[in-house]
Structures are given as C-alpha cells and as structure tokens.
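Keep in mind that this is a model prediction, so the values were computed, not measured.
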Amino acid sequence: MKGKQFTSMLFPVAVCGLLLLAAACTRKPEVSVASLLQEMTDRSALARYPNPAWRAYQASSYDRASVRPDTASWFANWDRSQFLRTDSVDGRREFVLLDADGPGAVVRFWVTVADYGGKGTLRIYLDHAAEPVIEGEVLSLISGGVLAEAPLSASVAEATPYLQRGHNLYLPVPYARHCKITYESPTIVRPGKDSKECFYYNIGYRTYEPGTRVRTFARSELEACRDLQKQVCAQLLEPTEPEGGRTAGCDMKNLADGPQRLALDGAAAISRLSVRLQAENLEQALRSTVLRMTFDGDETVWVPVGDFFGTGNRLKPYSTYFTSVSADTLFTCRWVMPYRDSCSVVLENVRGDRVKASLEVTTVPWRWDDRSMHFGAGWTEYNHLYTGATRDMEGTAAQCDLNFVRLQGKGVYVGDALTLFNSVADWWGEGDEKIYVDNERFPSHFGTGTEDYYGYAWCMHPPFSHPFIAQPDGSGDTQVGHVANVRFRALDAIPFTTSLVFDMEMWHWASTYINYAPTTFWYMMPGGAANRSAEPEQAACKVALHKNDLVPDSPGEQGFIEGEFMETRLTGGVEKSQSLPFMNWSNGAQWFWRDAAVGDTARVAFTVGQAGRYMLDVHCTVAPDYGRCKVLLNGKTLKNRLDLYAERLQTTVWHAGRVQLNAGRNELVFVQLKPDKRSVNNFIGIDGIVLKKQSNK
C-alpha cells in the first residue's frame, strides 16, 4: 500500500521533471553583447530564419517633410539635425535620436557632421535609467575606438579628412526594456535645415518578440567580452572557412563554347564560391558573364559576375566579410547557401564573347529544418536613365524612387551592391533608401543619402574596404566615371514575414543620363518570389566607358552642344558640372573649371558629322571671380586673351567667327592666364557652344 502511494506520488514529479527538461531544451537563449558578437561572425545564422524573432528598424535624421509619396516633399533633402524631440535634462538640451521599447538591441550606428564644434555629446540611456550607460564625445564613441576596436568602430574612407568621413559603430548594445539615445551640442542652433552644425545619423536597431530574454548592456560586460571582441575583429578582418568542407570545380574554359556547369547533390550548403575570368575586354566580360544558381529546382540567383561580387564592371580589388576581389581576377564569396536535395551553379556569357572562366565551390554539411532558407540574388540596370530636369532641397517632382527589389514570402534581406556610370562631373547620390517591410505604408527604414547608406559621407571618392561596407571604386562620385558601392548586413539584416520592398531615390545634382544597376541579396523560405529574374538583353548591353557613351558631344537640332557633356582633359584644377537655378543655363548647368594655376590647360572635345566651315559661338559665364584664358581650336589660336571678368554674374556670347572643323573629333583648348587684377579668382565656365554649318561657296 505504501509502495503504491509512493509510486503514484513519484509519477507526477517525474512528469513535471520531464516537462521542465523539455522547456529548458526549447527555451530560447538569452541575448547579450557576447551572443550578438558571436552571431555577427556566424554566416550560417543568416541562412536560418531568426529565433528568437525580431523586427529591424532604423532611426535617422531624414527630412521630416517627407510624409507622402504623392507629394514633391517626399524628396525633400534637408536630411540633417532632424530629431524626434528635444528633452530638457538637468538643464541640458538633449536632442532625442532614438526612443524604443525593448526587448531590443542597437546593431549599427552611422554618423557624419559638418560645421562641427567638437563638443557634441552622445548619451545612451537603457531601461529608463536616469543616468546614461554610455556618454562621451560622439565621434570618439562611434569611430574613435573608445567602445570597441576596429573594424567594429571605424571611419571611412581613411584617405579623406576625419571630419569628412562616415563614422560607423557595429558594436551591439542590447537592452531588456527600453533605449533612448540623445545628442547635445552647443553649435546646433535649432533642429532642422537651419541648425548651423549639421548632424546626420542612421541607427539600425532590432525589436525582439515579447518574452525574449535580453541582458542589458553594461560597461562591465563589455570589459568581460574584450577577448571575444578581439576574436570577432580578427575573424571579420581575416575570414576563415568552416572545417570539413568538400571542394568541387570546373577548370578554365572558353564560355563561347558553352556555359560552365557544376551540379551538386544531397543536403549540404555552399560555404565558398570562387570564379576567375580572363577576357580581352574585361569590363564587358564582368557585365555579360552571368552567374546562375538553382537550389532544389528553383533558380534564385541570376546576376552578372562583376555585380554579384561587388566590383561592378571594373576590376577593383577589395575585401569584405562576405566577398573579395583580387587583382588577378579571383572573385570569392562566402555566403552560406544551403539546399535540401540539389544545387546547380552555371556561368555563361550572354553576348557569346570569348571569355574564359573557371568555377570552384566548397560545400559543408547542412541539416535542413523548418527555419532553413534558400539564398537569392537579383540584378537589374536602369540603362540610360534620365536624372530629372530640376532639383530643389525642398523636393520636386523631378526626382523618383527606383526599385532595387520586391520580395514576396518569408525571409531575411542581407545586403546589396550598386554599380553606376556617372556621365557628368557632379554628385549622383543624394537619394535616400526607403525600405518597406510586410506591407508597411511608411518605410521603417528611411535614410539620409546614398553614400550614408553605404557607410561613407560627403560624396568622397577614395576607395575603401570594411567587413560590411566598401567602395571598391569611387572615381565617378563627383567626376565622370564608374562607381561601385557595397553594403552587407549581419546583425542589421532585415527579416520579413510576407514582403519586403527596397526603393532608392534617384537624386542627382545634374540633369544628365546615367547607368544605374543595383544588385540585391536575400534569403527566403522555399516558395518565395522576387521581381528580379534573368535579364540577358540588359546584361548584354555595351558597358559605358566614357561620358559620351551616354550623353552627346555633337550638335543638336539648334547646333548646341552642352558644355558639361563635352569630354574634358585637364592638366590641373577640377572640372565640375555646376547647377545654379537662377542662371537659366541650358540643361540647368554649365561646364565649370576651378582651382587651376596659370598655364594649366583644359582640353574640351566635341564631334561633328561633316568637315567644313562653321560659325562658332561660345556661351560663356562672366563674374567677379572669373579669369582669363587663351583659346585654341585644333591647335590654332582663336583668341589670345578671353577675359571672363565682369562686375556681376551673368552669361554672354563670344562670337568666335568662322572656323574650320574636322569630321569627327575637334578640340577646344583653354589655357589659364593671369586674371584681371579686380577678379578674386580665376574660374572659367562654359554653358555650351553653338555650331552653324556654312556654305562652301
């Protein structure tokens, strides 16, 4: 009898023990600084839908006039010193950047400044504490190494002055209940466009599902994680591959004879993919050689090789945690790409050019489960895209939103690369990113400029590499040329349950034509869909190598040639496409030459269809800060001294008279002379030239 009673009492205890054990086994791990640092370097974590789940958001200084897409102010551009509100704390004026309920974590912090007085104080308050857990001069905290070592705390590009860099902090700051971030600076007169000091910020943060256990950030925990932080930094800078991988590949082959194909069977995951190309016209080969990948019967990757690996259609060595490009044309990516049954990898050239390519992949074991996702990548090019006739900081209808990608299904957005060719000497990237998650009416990510999104600042052209951001080529940022920007996401990846739409404003400072090609990267559960698929005709288009591949340097119907569209070669100074709305220049801009020395030359070329005699008029700008120059045409002097000084800014026409032109290329040469003694500078500006064919009689 006693034995039965003992057994009956023991049974519920045993059941409870089993239930507790099961609960412990399924209990979600605690989120902490340490766990987030470990997650940051775990590329395989991106290939499984997050658990615990979170939503990604961004707080930024975007222009608050941007409220509705159907208004011109949607493209308002005063993206600086805009805050949630102003708090008074112990007599201090603290501008609130972020006010978010937890559980959550700040996972990316980008800042840049202008007219900075050097005394800006950043404060981070956690869980409604009265005292900040982080407090100090803002740039020291974000990129100065106070909180973390490089590359977790870094500024780019290193070749630019420190205050003209983008300052990036990737150290995670988790919080259990609440996070408030404020900024105090005596040189901000008021929030908004008239702030004097200009403070730009983008803060990426997660909000976890309710009930997620989060250990709130503390400086003591940061100290305890110093060794882990060093390991993470080393891994980010020198990525390693998982152990136990198997390698398969295809030797160098001429793609004109047919595609390279590699078939893989059985449950596994690609952990590394490498391509090598050889071609006489490598720029074209980078665009017209396409990488195609099919996972479990679904083709989810169709991207030109140069765009997929982030270098665009120029070979520019660089390295991130996910991709690298070497000077000897070795292209490597380290995305983890799982498949349940099969995978195929194909390289083909859509123009049929003689391009040699090799292919190699490394696979590792993968246990497919209900959180596993397929890797996807899509590409398109807005070819010969017109940038709009007018622009205004308050916003105009001339700007537009360009779609990077639309995704339907459940997955995680993990990054993008942007390749473009800029056809004039002016900045192309004022546009803000707008990312809508799960059918949002207003984007949860609204940025402050394209270069801010890619981690740098102030249109700076020097190349840089970083584990999560890179500018392999910035030669076309404010000059004519090619641009390649990259941003990959780890902790700042964006989960979505039904849809994601990524748009980027086209906000160029000049009215011109450009080629603009975004590549996007994501993971999705099987059955998802993207609006990006094969575009062989676009990939086969001739890549732009010169400005006149996109804009004309020959006379239009009225015989006019835009100054900013003519090919220019300088021995000194800087060329710029200058836009001043009140000047009424043709196409809203002029060719502008500044910072030159006496004796420097500017060779400005144009073409005509027929040789012969023409009347030549040069539409010039004159002003109190303009100089003098000697002018030659095809090596012969047209004018010994063209004086562009005037008491007020205006345009005028210099009637150069009848000239002999060659069929094809002709060249005007401007030689800097000593300016009028009344002039305060030696600028030269040409709106354009007018040519009128003359009779041979």
How close do C333 and F309 get, counting heavy atoms only, and between which atoms?
N-CE2, 3.5 Å
Show every side chain to side chain donor-acceptor pair (under 3.5 Å) that has at least one partner inside residues 516-534, sequence neighbours left out.
N403-N531, N403-R532
Any side-chain donor near an acceptor of the partner, T362 and T247, under 3.5 Å:
yes
Angle class for the Y162/H167 ring planes (parallel below 30°, perpendicular above 60°, tilted otherwise)?
perpendicular
Show the numbers, then the answer: is there a side chain to side chain donor-acceptor pair (under 3.5 Å) between Y454 and Q471?
CA-CA 8 Å; Y454 288 107; Q471 180 166 249; over 6 Å; no
So does D369 have more than 12 non-hydrogen atoms from other groups sitting under 6.0 Å from CG?
yes
Hey, mind stepping through N349 and V290 against side-chain contact (heavy atoms from CB on, under 4.5 Å) and telling me if it holds?
CA-CA 6 Å; N349 188 279; V290 174; over 6 Å; no
How far does CD of Q479 sit from CG of D426, to the nearest 0.5 angstrom?
9.0 Å
Carefully, step by step, assess Q235 and Y321 under the rule side chain to side chain donor-acceptor pair (under 3.5 Å).
CA-CA 8 Å; Q235 173 70 2; Y321 191 55; 3.2 Å; yes
Do W368 and H374 have ring centres separated by under 6.0 Å?
yes
Is the ring pair Y413/F502 parallel, tilted or perpendicular, if the boundaries are 30 and 60 degrees?
tilted
I want to check a possible cation-pi pair here: K410 against Y49, using under 6.0 Å from ring centre and within 45° of the ring axis as the test.
yes
R292 and E299: CA distance, side-chain angles, deciding distance, salt bridge (Lys or Arg N to Asp or Glu O under 4.0 Å) verdict
CA-CA 7 Å; R292 301 173 56 182; E299 183 173 272; 2.9 Å; yes
d(L491 CG, R108 CZ) to nearest 0.5 Å is 12.0 Å
Verify, without hydrogens or angle tests, whether D473 (side chain) and A484 (backbone) share a donor-acceptor contact under 3.5 angstrom.
no
With a 6.0 Å cut-off on ring centres, are H384 and Y513 close enough?
yes
Which atom of W458 lies closest to which atom of E451, heavy atoms considered:
N-OE2, 3.3 Å
In terms of ring plane angle, is the pair F488 and F322 parallel, tilted or perpendicular, where the classes change at 30° and 60°?
perpendicular
For K542, what residues pass the salt bridge (charged side-chain N to carboxylate O under 4.0 Å, His left out) criterion, not counting sequence neighbours?
D549
